[in-house]
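For reference, the structure discussed in these notes is given below.
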Amino acid sequence: FELNPVCVLFVGINGSGKTTTVGKIAKGGADSGRKVLLGSADTFRAAAIEQLDIWAQRAQVPVIKRQRGADPASISFEVIERAEEQGANLLLIDTAGRLHTSDDLMRELEKVVQVTRKRAERWQRDGAPLPVKTVLTLDATTGQNGLQQAREFNRALALDGVIITKMDGTAKGGIAVAVSHELGLPIVRVGVGEGIDDLKAFDPLEFAK
């Protein structure tokens with residue numbers, strides 16, 4: 001998220017905290033002076049569009065959205081188009097939750113990532129392609145199933161990092177160690193509550209304690 005500019009796609013299973021995480025990062029980015037643009041590419045769940053709208057209002061940032069059932073890849077494409085026009089430099093795209101065991105849904109997600117990366121290569125500012133990062137949100141309470149989720153998402157999408165959510169509960173989040181160790185992925189943030197500021201940088205020493 002520190003790259004400037006950057007486009008980040010958030011992926012994960014249903015209920016892993018993607019939309020809330022996008023909202024928190026949007027608020028943090030806006031507060032630090034970044035020009036943020038959100039993309040609501042979760043077009044399966046009507047509530048997701050409304051939920052992201054609420055976060056966008058809190059963060060006072062614009063959001064690209066369409067009606068339920070729209071093509072999520074086209075929304076990602078439009079986010080980059082609009083960012084070029086408006087000068088946005090932190091593009092955050094919320095995708096629909098999907099089970100890592102559903103081949104059809106994973107193929108659709110691959111298409112979203114491919115379309116986004118292809119459009120980003122034609123980025124018309126700064127003289128270089130727009131970096132596109134894909135980040136998995138993982139619920140700390142999922143246990144070893146979380147490792148299988150991470151394996152499948154990484155196999156399909158070549159992930160760039162992981163965010164561990166719901167660390168404020170009883171879970172110790174040991175899955176973070178397993179995922180980072182096996183897949184070599186950085187833990188970029190941890191979610192420690194529902195509040196807008198409850199998303200922290202991952203501190204390995206603090207975590208180990």
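In this chain, residues are counted from 1 in sequence order.
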Problem set entry | SB check D94 K18 (cutoff 4.0 Å) | no
Exercise. T43 and I75: side chain to side chain contact (heavy atoms under 4.5 Å, CB included), yes or no, with the steps?
Worked result: CA-CA 9 Å; T43 58; I75 294 169; 3.4 Å; yes
For this session: Could you tell me the separation between the CG atom of D42 and the CD atom of Q51, rounded to the nearest 0.5 Å?
Result: 9.0 Å
For this session: Taking atom CD of Q60 as the centre, report whether more than 12 heavy atoms of other residues, nucleotides or ligands fall under 6.0 Å from it.
Result: no
Problem set entry | Heavy-atom side-chain proximity of I163 to V190 below 4.5 angstrom | no
Exercise. What's the shortest heavy-atom distance between L52 and G39, and which atoms?
Worked result: CD2-O, 3.8 Å
Exercise. Any side-chain donor-acceptor pair under 3.5 Å between R119 and S76?
Worked result: no
Problem set entry | Check: I80 and R117 side chains under 4.5 Å, non-hydrogen atoms | no
Exercise. Are any of the side-chain heavy atoms of D71 and K111 separated by less than 4.5 Å?
Worked result: yes
For this session: Determine, for R155 against E152, whether the closest basic-nitrogen to carboxylate-oxygen distance falls under 4.0 angstrom.
Result: yes
For this session: Write down the atom of W123, the atom of A88, and the distance for their closest heavy-atom approach.
Result: CH2-O, 4.0 Å
Exercise. Do K27 and D31 meet the salt-bridge criterion of a basic N to acidic O distance under 4.0 Å?
Worked result: yes
For this session: Enter the distance from N154:CG to Q149:CD here, rounded to the nearest 0.5 Å.
Result: 13.0 Å
For this session: Could you tell me which non-hydrogen atom of T95 sits nearest to which non-hydrogen atom of F10, and how far apart they are?
Result: OG1-O, 2.6 Å
Seminar exercise, completed: Looking only at heavy atoms, the pair that brings A59 and A26 closest together is CB-C, 4.0 Å
For this session: For residues L157 and L109, determine if any side-chain heavy atom of one lies less than 4.5 Å from a side-chain heavy atom of the other.
Result: yes
Problem set entry | Beyond-backbone contact of T116 with L9, side-chain heavy atoms, under 4.5 angstrom | yes
For this session: Kindly indicate whether the side chain of N4, heavy atoms from C-beta on, has any atom under 4.5 Å from the side chain of V6.
Result: no
Seminar exercise, completed: The reported gap from NE2 in H181 to CG in L147 (rounded to nearest 0.5 angstrom) is 10.5 Å
Exercise. Without hydrogens or angle criteria, can the side chains of R151 and Q148 be said to hold a donor-acceptor pair below 3.5 Å?
Worked result: yes
Exercise. How about T165 and T137: does a side-chain donor come under 3.5 Å of a side-chain acceptor?
Worked result: no
Problem set entry | Rounded distance [0.5 Å steps], CH2 in W55 versus OG in S40 | 14.5 Å
Problem set entry | Residue pair E108 / P72, side-chain heavy-atom distance below 4.5 Å | yes
For this session: Could you tell me which non-hydrogen atom of L90 sits nearest to which non-hydrogen atom of F1, and how far apart they are?
Result: CD1-O, 4.1 Å
Exercise. Does Q124 offer a backbone N or O that forms a donor-acceptor pair with the side chain of E84 under 3.5 Å?
Worked result: yes
For this session: Specify the closest pair of heavy atoms between A150 and L136, including all atoms of both residues, with the distance to one decimal.
Result: CA-CD2, 3.6 Å
